Amino acid sequence: MSQILVVGSLAYDSIKTPVGAVNKTLGGSANYFSVAASLLSPVRVVGVVGSDYSQEDKKILESRNVDLQGMTVKTGQTFHWSGFYDDNLNEAQTLQTDLNVFADFDPVLPQAYHDSKFVFLANIDPVLQLKVLGQVKSPVYTGMDTMNFWIQSKKSDLLKVLQKVQILLINEGESKMLTDEPNAIAASEKLLRMGPEAVVIKRGEYGVILNHKEKGLFVLPAFPIAEVIDPTGAGDTFAGGFFGWLSRNEKRPTFEDLKQACFVGSCLASFTVQDFGLKSIRAVTAESLSKRQTTYHQYLQVST
Ligand code: AMP
């Protein structure tokens with residue numbers, strides 16, 4: 001089992017969905033990722049929080065044995081994202097992004113993180129993603145995510161990171177925005193030509209498309225959920241499950257491993273959407289995950 005290094009946002013989110021709203025609840029890509037991944041593998045976090053970040057919130061990751069040596073506390077406010085969903089729950093609409101302490105964060109990895117073998121550059125400023133990657137000595141497998149905010153503001157830096165990772169995990173809407181392609185498969189083909197050997201397009205309730213340079217396509221429907229409360233963090237939870245699964249084996253993942261990782265990631269993401277913020281994913285146990293995996297397998301069975 002390998003340690004996964006994740007760099008991403010540690011945030012307070014204000015979210016409105018068709019069924020309710022929450023104000024300044026704990027969120028951020030690194031929090032969702034770490035809660036999910038730590039069910040499967042040890043995790044190391046790189047990120048920054050402000051002086052308003054509560055001890056209680058810090059304990060959520062500490063209690064899951066997540067290594068927080070790489071978490072910096074700075075004077076100021078924690079990153080704050082506010083957004084809403086209309087009836088299309090697959091796409092978040094951003095109302096406001098307050099970078100706060102993120103604005104001048106310069107990530108310096110603790111010595112103990114330099115040997116990390118699995119690295120996930122979660123949704124964060126691509127300049128920071130690059131800085132983190134540059135400090136890891138010999139990673140086995142690296143991946144990244146991004147979002148419209150960075151595509152619009154830092155596209156050239158983003159394209160540099162894309163050339164250095166093995167896999168990109170990205171929302172369908174953002175894959176189209178980054179490639180100027182109206183079709184998700186065509187977008188994934190174009191993204192493969194930008195650097196990574198594989199791309200996962202996340203399509204919310206419609207599941208994921210994995211496209212691999214040599215092996216081609218794999219498609220997986222999402223685990224069906226009748227009542228989606230808050231989709232925030234589903235993509236980061238998927239990534240946590242995906243990397244958590246892959247890092248259980250210290251070797252470079254095969255196409256079969258990537259398919260299995262999609263299955264585990266999708267299964268975990270289906271918990272996240274069942275409540276606001278981290279509430280539902282935090283309550284997942286090895287037993288509830290295994291039970292849902294069995295049901296998911298049954299739904300996916302088809303005779304040849
Ligand atoms: P997702 O899994 O795509 O729903 O990611 C949701 C998380 O992304 C939220 O918890 C936000 O705090 C975080 N987020 C939103 N905008 C940004 C941004 N510009 N940079 C980093 N993290 C962000």
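Both ligands and their constituent atoms are indexed starting at 1 by order of listing. Here the structure is a predicted model, which means the values were calculated and not measured. The residues of the chain are indexed from 1 along the displayed sequence.
- Members clustered with F84: L95, by chain and number, using a 4.5 Å side-chain heavy-atom cutoff among hydrophobic residues.
- Every salt bridge (charged side-chain N to carboxylate O under 4.0 Å, His left out) that E172 has, sequence neighbours left out, goes to K176, R203.
- With respect to the salt-bridge test (charged N to carboxylate O, under 4.0 angstrom), the residues D86 and K16 do not qualify.
- In this structure, K59 does not pair ionically with E62, as no charged nitrogen and carboxylate oxygen lie closer than 4.0 Å.
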Starting from the N and O atoms of ligand 1, find every protein N or O within less than 3.5 Å and list the pair with its distance.
| unit_1 | atom_1 | unit_2 | atom_2 | d |
| --- | --- | --- | --- | --- |
| ligand 1 | 2 (O) | G233 | N | 3.4 |
| ligand 1 | 2 (O) | G235 | N | 3.1 |
| ligand 1 | 2 (O) | D236 | N | 3.0 |
| ligand 1 | 2 (O) | D236 | OD2 | 2.8 |
| ligand 1 | 4 (O) | G233 | N | 2.7 |
| ligand 1 | 5 (O) | D236 | OD2 | 2.8 |
| ligand 1 | 10 (O) | D13 | OD2 | 2.5 |
| ligand 1 | 10 (O) | G28 | N | 2.7 |
| ligand 1 | 12 (O) | D13 | OD1 | 2.7 |
| ligand 1 | 12 (O) | D13 | OD2 | 3.4 |
| ligand 1 | 12 (O) | G28 | N | 3.4 |
| ligand 1 | 19 (N) | W150 | NE1 | 3.4 |
| ligand 1 | 20 (N) | W150 | NE1 | 3.2 |
| ligand 1 | 22 (N) | S9 | OG | 2.9 |
| ligand 1 | 22 (N) | N123 | O | 3.4 |
| ligand 1 | 22 (N) | N123 | ND2 | 3.4 |

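- Listed by first and then second residue, the ring pair (Phe, Tyr, Trp, His ring centres under 6.0 Å) pairs that reach into residues 173-201 come to none, sequence neighbours excluded.
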Between V284 and L268, is a side-chain contact (heavy atoms from CB on, under 4.5 Å) present by the stated rule, with each step listed?
-> CA-CA 8 Å; V284 175; L268 279 167; 4.2 Å; yes
